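All values derive from a computational prediction rather than experimental measurement. The chain is numbered in sequence order, starting from 1.
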Amino acid sequence: MFAVANQKGGVGKTTTAVNLGASLADLGYRVLVIDLDPQGNATTGLGIDARNFDTSVYDVILHDVPLEDCIEPTSIKNLFVAPATIDLAGAEIELVPAFSRELRLRKAVEQVRDDFQYLLIDCPPSLGLITVNGLAAADEVLVPIQCEYYALEGVGQLLRNVELVRGNLNPSLEVTTIVLTMYDGRTKLADQVVQEVRSHFGDAVCRTVVPRSVRVSEAPSFGQPVTVHDPSSRGAIAYRALALEVSGGAA
C-alpha cells in the first residue's frame, strides 16, 4: 500500500497514482486508488463523475462510513477508486477535534485490504491532517519528483514528516519509491536533476523515468488514464514499465 505524496503541487502525484494504478490493473492486479485530494482529480481522471455517487472518502474519514460502501468500479478491469469530493477541503478543520484523528483512514482501510493487491493513496499537496491520515495508513511512500528546477525543494520537509509519522503513528512506514516525472530529454537541466536525485536517494529511485508528454496532460480531461487514452504514447509506455518495476512482473 503506497501513499503517493509530495507537498509540492504539480509534480505528477495524481497522474502517477492514476496511471500506475491503471497499469498495475492491466497486469492483472486488483488495485484501489484512494483519492484524498479535495480537488478530486484522481476521481475525475478515472472517469467517475462526482454527481453520481452518494458517499465519498470524506464520509469514510469523518462519519465512519465503511470504505467498501464508497468504492466505485472504473471502466478498467481490476481498477477501483474511492472517490473524493470538495467536502474534503473542510475535513482538515473538522478533523482537529476528532478522536484518533490521524488514524481514521487506517482503520477504514483495514476492512478492505485483503480485497486488493495494491492500494494507492493520492495525498493532497500539503502536509495537513489528511496527508497524515494517508501516511499513517500506508506501508510505503512513493514520491514523484519532477525533473525541473527546485525539484528537491520540499522533499526534505516531506521526509521529516514521514519520520514524524513513523516515530508516532506508523513504525513500518518507509520511503521506498521515488519516481522521476516530467522528464524533457532536450534539456541539460533534466539530466542534472536525474543525476542529483539518483545520487541523493540511490536504489529508491525507479529506473523508469516518466517523460513530459502532451498525451499524459490531456488524458484526464477525457476521464481516462493515458494507458487507455493513447496506449502507444511515450507516457503510457513509461507508466506500464513503471508498473512492471514496482510489482516485479504480472500478477
Side-chain angles (χ1 to χ4, degrees), residues 1-6 9-37 39-53 56-57 67-68 70-85 112 115-125 142 144 146-147 177 179-185 206-251:
M1 177 160 39
F2 288 98
V4 182
N6 184 339
V11 299
K13 269 192 305 294
T14 299
T15 305
T16 297
V18 164
N19 289 300
L20 176 58
S23 301
L24 287 166
D26 285 342
L27 287 173
Y29 296 99
R30 271 177 73 86
V31 182
L32 174 63
V33 174
I34 299 175
D35 191 351
L36 280 192
D37 192 338
Q39 292 175 11
N41 291 340
T43 302
T44 51
L46 286 168
I48 304 293
D49 186 339
R51 292 168 303 213
N52 292 351
F53 50 85
S56 70
V57 169
L67 185 56
E68 63 189 323
C70 91
I71 291 173
E72 301 277 335
T74 68
S75 59
I76 295 164
K77 190 182 173 207
N78 295 325
L79 182 62
F80 300 82
V81 64
T85 55
V112 302
D115 301 339
F116 300 95
Q117 285 141 314
Y118 282 94
L119 290 93
L120 301 172
I121 303 170
D122 186 27
C123 297
L142 183 154
Q146 86 287 27
C147 300
T177 313
V179 178
L180 290 155
T181 61
M182 303 181 192
Y183 174 80
D184 183 348
C206 292
R207 291 189 303 278
T208 307
V209 175
V210 179
R212 180 176 280 293
S213 145
V214 175
R215 290 287 181 261
V216 170
S217 315
E218 70 186 17
S221 62
F222 292 88
Q224 295 174 327
V226 71
T227 49
V228 174
H229 177 59
D230 187 350
S232 59
S233 65
R234 290 182 322 155
I237 290 164
Y239 275 112
R240 284 199 295 272
L242 182 65
L244 279 168
E245 194 175 337
V246 164
S247 65

Ignoring hydrogens and geometry beyond distance, is a side-chain donor-acceptor pair present between [X] and [Y] at under 3.5 Å?
X    : Y    : answer
D230 : S232 : yes
Q146 : T181 : no
Y239 : T16  : yes

Taking all atoms of both residues into account, what is the closest heavy-atom pair of [X] and [Y], and its distance?
X    : Y    : result
P225 : A219 : C-CB, 4.0 Å
A243 : L20  : CA-CD1, 3.6 Å
A25  : N78  : O-ND2, 3.3 Å
P83  : C70  : CD-O, 3.0 Å
V81  : I48  : CG1-CG1, 3.5 Å
V216 : G235 : CG2-CA, 3.6 Å

Practice prompt. Please step through side chain to side chain contact (heavy atoms under 4.5 Å, CB included) for the pair L142 and V179, ending with a clear verdict.
Written response: CA-CA 7 Å; L142 183 154; V179 178; 3.8 Å; yes
Fill in: Full working for side chain to side chain contact (heavy atoms under 4.5 Å, CB included) between V57 and I34
CA-CA 8 Å; V57 169; I34 299 175; 4.1 Å; yes
Discussion item. Tell me every residue that passes side chain to side chain contact (heavy atoms under 4.5 Å, CB included) with A42, counting only those two or more places apart in sequence or in another chain.
Written reply: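 A42: side chain to side chain contact (heavy atoms under 4.5 Å, CB included) contacts with T14, V18, V33, D35, D122.
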Worksheet entry | side chain to side chain contact (heavy atoms under 4.5 Å, CB included) involving S247 - partner list, sequence neighbours excluded |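 Checked S247 against side chain to side chain contact (heavy atoms under 4.5 Å, CB included); matches are L24, L27, Y29, Y118.
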Main-chain N/O of [Y] paired to [X] side chain as donor or acceptor, under 3.5 Å:
X    : Y    : result
T43  : A84  : yes
K13  : N6   : yes
E72  : F53  : no
R207 : A241 : no

For the residue pair [X] and [Y], establish whether any side-chain heavy-atom pair is separated by less than 4.5 Å.
X    : Y    : result
V210 : M182 : no
L36  : P124 : yes
T177 : F2   : yes
S233 : V214 : no

Inter-residue atom distance [X].[atom1] - [Y].[atom2], 0.5 Å rounding:
X    : Y    : atom1 : atom2 : result
L79  : F116 : CG    : CZ    : 9.5 Å
D184 : R212 : CG    : CZ    : 7.0 Å
L32  : E68  : CG    : CD    : 11.5 Å
L242 : C206 : CG    : SG    : 5.0 Å
S75  : Q224 : OG    : CD    : 6.5 Å
R30  : L119 : CZ    : CG    : 10.5 Å

Practice prompt. Show your reasoning for whether side chain to side chain contact (heavy atoms under 4.5 Å, CB included) applies to Q117 and V31.
Written response: CA-CA 6 Å; Q117 285 141 314; V31 182; over 6 Å; no
